[in-house]
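What follows is a short report on a single structure.
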Amino acid sequence: MNKIVGYCGIDCSKCNAYIATITNDNELKEKTARLWSKLNNAKILPENINCNGCKSEGIKTTFCTNLCFIRKCAIKNNVDNCKQCAKFNTCADIQKFVKINNL
């Protein structure tokens, strides 16, 4: 699997949504939907777990397309990833994200 790095710095090729999509693994989609539903306190269905990476022209999860503040900010600021942004070290949102995801 090729390494695909998202705007946030996460390796998309290690993301369960990406893996489930490219391998068409319905069991992994169901597992991911349950976990993400619990983590986000929202109903996420297995059919919502489809993603080719947040920078791809292909399909993305609803979260990546519509809700991800990091993706929206990076696109707005025309950076390939958050570390390229001048505000990276002072951005509370990305610092919290980095800490939670052990990046």
Task: Connected via hydrophobic side-chain network under 4.5 Å: Leu35 and Leu45 - done: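 The answer is no; the residues belong to distinct hydrophobic clusters.
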Open item on the list: With a sphere of 6.0 Å drawn around CD of Glu57, does it hold more than 12 non-hydrogen atoms of other residues, nucleotides or ligands?
Closed with: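 Open: at most 12 neighbouring heavy atoms sit under 6.0 Å from CD of Glu57.
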TODO: Report, as yes or no, whether the 6.0 Å neighbourhood of atom CG on Asn66 holds more than 12 heavy atoms from other residues, nucleotides or ligands.
DONE: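 Counting neighbours around CG of Asn66, more than 12 heavy atoms of other residues, nucleotides or ligands fall under 6.0 Å, so yes.
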Shortest non-hydrogen contact from [X] to [Y]?
X: Asn81; Y: Lys83; result: OD1-N, 3.0 Å
X: Tyr7; Y: Ile75; result: OH-CG1, 3.7 Å
X: Cys64; Y: Lys60; result: CB-CB, 4.1 Å
X: Gly53; Y: Cys12; result: CA-SG, 4.0 Å

Below 4.5 Å, heavy atoms only, C-beta onward: do [X] and [Y] meet side chain to side chain?
X: Glu30; Y: Arg34; answer: yes
X: Asn52; Y: Ile22; answer: yes
X: Ile70; Y: Cys82; answer: yes
X: Asn16; Y: Trp36; answer: no

Answer yes or no: is there a donor N or O on one side and an acceptor on the other, between the side chain of [X] and the main chain of [Y], under 3.5 Å?
X: Asn77; Y: Val79; result: no
X: Lys55; Y: Val5; result: yes
X: Ser37; Y: Ile44; result: yes
X: Lys14; Y: Ile10; result: no
X: Thr32; Y: Lys29; result: no
X: Thr61; Y: Asn50; result: no

Starting at [atom1] of [X], measure out to [atom2] of [Y] and round the result to the nearest 0.5 Å.
X: Ile49; Y: Tyr18; atom1: CD1; atom2: OH; result: 15.5 Å
X: Gln95; Y: Thr90; atom1: CD; atom2: OG1; result: 8.0 Å
X: Cys85; Y: Asp80; atom1: SG; atom2: CG; result: 12.5 Å
X: Thr65; Y: Lys72; atom1: OG1; atom2: NZ; result: 10.0 Å

